[in-house]
Student: 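Starting off with a structure, shown below.
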Amino acid sequence: MGKLVINQEKILNIDELIKICPFGAMENNQGRLEINSACKMCKLCVKKGPKGAVTFQEENIKSIDKSKWKGIAVYVDHVEGNIHPVTFELIGKAKELSEKVNQPVFALFMGYGISGSAQELLHYGVDEVFVYDDENLKDFRIEPYTAVFEDFINNVKPTAVLVGATAIGRSLAPRVAARFRTGLTADCTILDIKENTDLVQIRPAFGGNIMAQIVTPNSRPQLATVRYKVMNAPERSGEAHGKVNHCTIKEEKLSSGINVFKVIAKEKESGIADAEVIVVAGRGIKSQKDLAMAQELAEILGGQVAATRPLIEAGWEDAKKQIGLSGRTVRPRLIITLGVSGAVQFTAGMNNSDYIFAINKDEKAPIFKVAHYGIVGDIYEIVPQLIEALRAEREE
Ligand SMILES: Cc1cc2nc3c(=O)[nH]c(=O)nc-3n(C[C@H](O)[C@H](O)[C@H](O)COP(=O)(O)OP(=O)(O)OC[C@H]3O[C@@H](n4cnc5c(N)ncnc54)[C@H](O)[C@@H]3O)c2cc1C
Ligand code: SF4
């Protein structure tokens, strides 16, 4: 990064210069040019303004010795020792990345009474599990959990740390990143690693219009969060490999201003994220009552109905049924989309499904780029026929 430097004496006509900025970030403050927080650092004012009026000064970047940071670490997300499945998905990705740079995979497991569960992680390709088993870590409390994370990073020095984008992960990862003044990329959809161990963190940006590649070249560790069902979990191997390290931390570091009186488990609802078959209603469905068609198809297939964002915004379906960037990520065995265009914000939440079957009357609809099978046609003609054919097959 760097900063803009304004050389007031070189500005002959402030108002002309202000017109150059497409973001309205320049202001005339009693004859002096000022740049406000709307600045996007596009540097147009530097390139197109009068010579030398606004200049860009590169920041002095502190170089780091990347060779001192080794290993890909995964934070083990759990409640009372029950490991969240996103952890195994991240271990699978960490293994893949670590093989590219020939480094180990670590798991950071903190809690109380968890030592037994730590052994389980060795069946998934973790080389070393670092366990902090302490009564003060029984329930998730942000201060002691951050302190343990900090202790782990200071002692192990992993080059990258992957955290599940769960309620706990989303709260913990930014705190840890701030402690180390390092970068954190939330909700990555793709992760890769360069030979120099820079983690390539890919995620939709600018409202999903681009896939941004984010790197953290000047600090370590590199932190990324990933949503559940975005990466593939490895198969559990029968044999355990690797070792479990039992770690301790000074008790005063585990103090907290939070007292947890009781943990009440939320009743598990079966949502679209658990469905094996999903029928998605898009804007091709013309009225709320026509959702019955999608519901009927879903019922025959033993699945659930989901929807695109416009239908949720119209109040036709519950927000829990939205698939996509600002909704849920799903990975069913079969997903059937009815009148869905396939905007990137939608496909980001379903493109890892096993089979994608799209029905859309526009043959150029982007959904056909991610679909394995498709029919170009009117859902109002095709879906009733499909329902009839499926019913006939069931009755045979
Ligand atoms: C920051 C941001 C986040 C977003 N997050 C999400 C998100 O999480 N989920 C989401 O879904 N969207 C999200 N969106 C909105 C997204 O960009 C699209 O606008 C939305 O996905 C479009 O929904 P749709 O496909 O149902 O509608 P449309 O894009 O209007 O597509 C309707 C499709 O139906 C077809 N069609 C019409 N009539 C018929 C018919 N009779 N038979 C067959 N086909 C027919 C048309 O050819 C068209 O392709 C987000 C947008 C932004 C900016
Ligand atoms: S860098 Fe771009 S956004 Fe910032 S003040 Fe200049 S023209 Fe405006």
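Order of appearance sets the numbers: ligands from 1, and atoms from 1 within every ligand. Keep in mind the model is a prediction, meaning the values are calculated, not measured.
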Student: Quick one: which ligand 1 atoms are inside 4.0 Å of a heavy atom on Asp362?
Tutor: 47 (O)

Student: Which atoms from ligand 1 have a heavy atom of Gly377 less than 4.0 Å away?
Tutor: 42 (N), 43 (C)

Student: Would you check if Pro144 and Asn136 make a side-chain contact, meaning some heavy-atom pair closer than 4.5 Å?
Tutor: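 Of all side-chain heavy-atom pairs linking Asn136 with Pro144, none is under 4.5 Å.
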
Student: How about atom 8 (Fe) of ligand 2, which protein N, O or S atoms come within less than 2.8 Å?
Tutor: Cys21 SG

Student: On a heavy-atom basis, which atom in Arg331 and which in Met231 lie closest, and how many Å separate them?
Tutor: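 Scanning both residues, the minimum pair turns out to be NH1-O, 2.7 Å.
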
Student: Give a yes or no on whether Glu252 atom CD has more than 12 heavy-atom contacts from other residues, nucleotides or ligands under 6.0 Å away.
Tutor: yes

Student: Identify the heavy atoms of Val226 and Val86 that sit nearest to each other, and give their distance.
Tutor: O-CG2, 3.8 Å

Student: Classify the contact between Ser326 and ligand 1 as side chain, backbone, both or neither, using a heavy-atom distance cut-off of under 4.0 Å.
Tutor: both

Student: So is Pro310 touching ligand 1 or not, going by heavy atoms under 4.0 Å?
Tutor: yes

Student: Please list all pairs passing the ring pair (Phe, Tyr, Trp, His ring centres under 6.0 Å) test where one or both residues lie in residues 226-278, with sequence neighbours left out.
Tutor: His84-Tyr228

Student: Below 4.0 angstrom from a heavy atom of Lys286, which ligand 1 atoms are there? Numbered from 1 as shown, please.
Tutor: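 So the answer, numbered in order with elements, is 37 (C), 38 (N).
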
Student: Is any side-chain heavy atom of Asp151 closer than 4.5 Å to one of Tyr132?
Tutor: yes

Student: Should you measure from each heavy atom of Gly327, which atoms of ligand 1 turn up under 4.0 Å away?
Tutor: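 It comes down to these atoms of ligand 1: 8 (O).
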
Student: Counting heavy atoms only, which of Arg283, Glu381, Arg309, Lys364 comes nearest to atom 2 (C) of ligand 1?
Tutor: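 Nearest option to atom 2 (C) of ligand 1, by heavy atoms: Arg309.
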
Student: Heavy-atom distance under 4.5 Å between the side chains of Glu89 and Asn232, does that happen here?
Tutor: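 No; the side chains remain at least 4.5 Å from each other.
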
Student: Which bit of Ala343 is near ligand 1, meaning a heavy atom under 4.0 Å away: side chain, backbone, both or neither?
Tutor: side chain

Student: In a check of ring pair (Phe, Tyr, Trp, His ring centres under 6.0 Å) between Phe149 and each of Tyr75, Phe130, Phe140, Phe180, which one passes?
Tutor: Tyr75

Student: Just which atoms of ligand 1 are under 4.0 Å from any heavy atom in Gln322?
Tutor: 6 (C), 7 (C), 8 (O), 9 (N)

Student: Against heavy atoms of Gly282, which atoms of ligand 1 measure under 4.0 Å?
Tutor: 26 (O)

Student: As a check for students: among Asn360, Thr347, Ile285, Ile382, identify the option with a heavy atom nearest to atom 48 (C) of ligand 1.
Tutor: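 When every heavy atom of Asn360, Thr347, Ile285, Ile382 is considered, Asn360 comes closest to atom 48 (C) of ligand 1.
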
Student: For ligand 1, is there an N or O atom under 3.5 Å from any N or O atom of Ile323?
Tutor: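 Yes, since at least one N or O of Ile323 sits under 3.5 Å from an N or O of ligand 1.
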
Student: Does a side-chain heavy-atom distance below 4.5 Å link Val126 with Val74?
Tutor: no

Student: Polar contacts were defined as any N/O atom of the residue lying under 3.5 Å from an N/O atom of the ligand; does this apply to Leu325 and ligand 1?
Tutor: yes

Student: Do Arg309 and Ser326 pass the side-chain hydrogen bond (donor to acceptor under 3.5 Å, both in side chains) test, and can you show the C-alpha distance, the side-chain angles, and the key distance before you say yes or no?
Tutor: CA-CA 8 Å; Arg309 186 155 115 172; Ser326 47; 3.0 Å; yes

Student: For a 4.5 angstrom cut-off between non-hydrogen side-chain atoms, does Leu390 reach Leu297?
Tutor: yes

Student: Looking at every heavy atom in both Thr329 and Lys229, which two are closest together, and how far apart are they?
Tutor: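 Heavy atoms only, the tightest pair is CG2-O, 4.1 Å.
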
Student: Is any N or O atom of Gly339, backbone or side chain, closer than 3.5 Å to an N or O atom of ligand 1?
Tutor: yes

Student: With the side chain counted from C-beta on, respond yes when Thr337 and Asn360 share a heavy-atom pair under 4.5 Å apart, and no when they do not.
Tutor: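 No; the side chains remain at least 4.5 Å from each other.
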
Student: Specify side chain, backbone, both or neither for Leu4, according to which of its non-hydrogen atoms lie closer than 4.0 Å to ligand 2.
Tutor: side chain

Student: Taking non-hydrogen atoms only, is Ile367 closer than 4.0 angstrom to ligand 1 via side chain, backbone, both or neither?
Tutor: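 The answer is neither.
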
Student: Can you tell which of Asp198, Thr159, Thr197 makes a side chain to side chain donor-acceptor pair (under 3.5 Å) with Lys66?
Tutor: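 Output: one option passes, namely Asp198.
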
Student: Tell me, yes or no, whether the heavy-atom count around Arg236 atom CZ, taken from other residues, nucleotides or ligands under 6.0 Å, exceeds 12.
Tutor: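 Yes, the 6.0 Å shell around CZ holds more than 12 heavy atoms from other groups.
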
Student: Which of the numbered atoms in ligand 2 are under 4.0 angstrom from any heavy atom belonging to Lys43?
Tutor: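 Those qualifying, in numeric order: 1 (S), 2 (Fe).
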
Student: Would you say Ile379 and ligand 1 have an N/O pair spaced under 3.5 Å apart?
Tutor: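 Ile379 vs ligand 1: N/O contact under 3.5 Å present.
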
Student: Going by the closest heavy atom to atom 13 (C) of ligand 1, which one wins out of Gln345, Glu313, Lys361, Glu363?
Tutor: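 Going through Gln345, Glu313, Lys361, Glu363 one by one, Gln345 has the nearest heavy atom to atom 13 (C) of ligand 1.
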
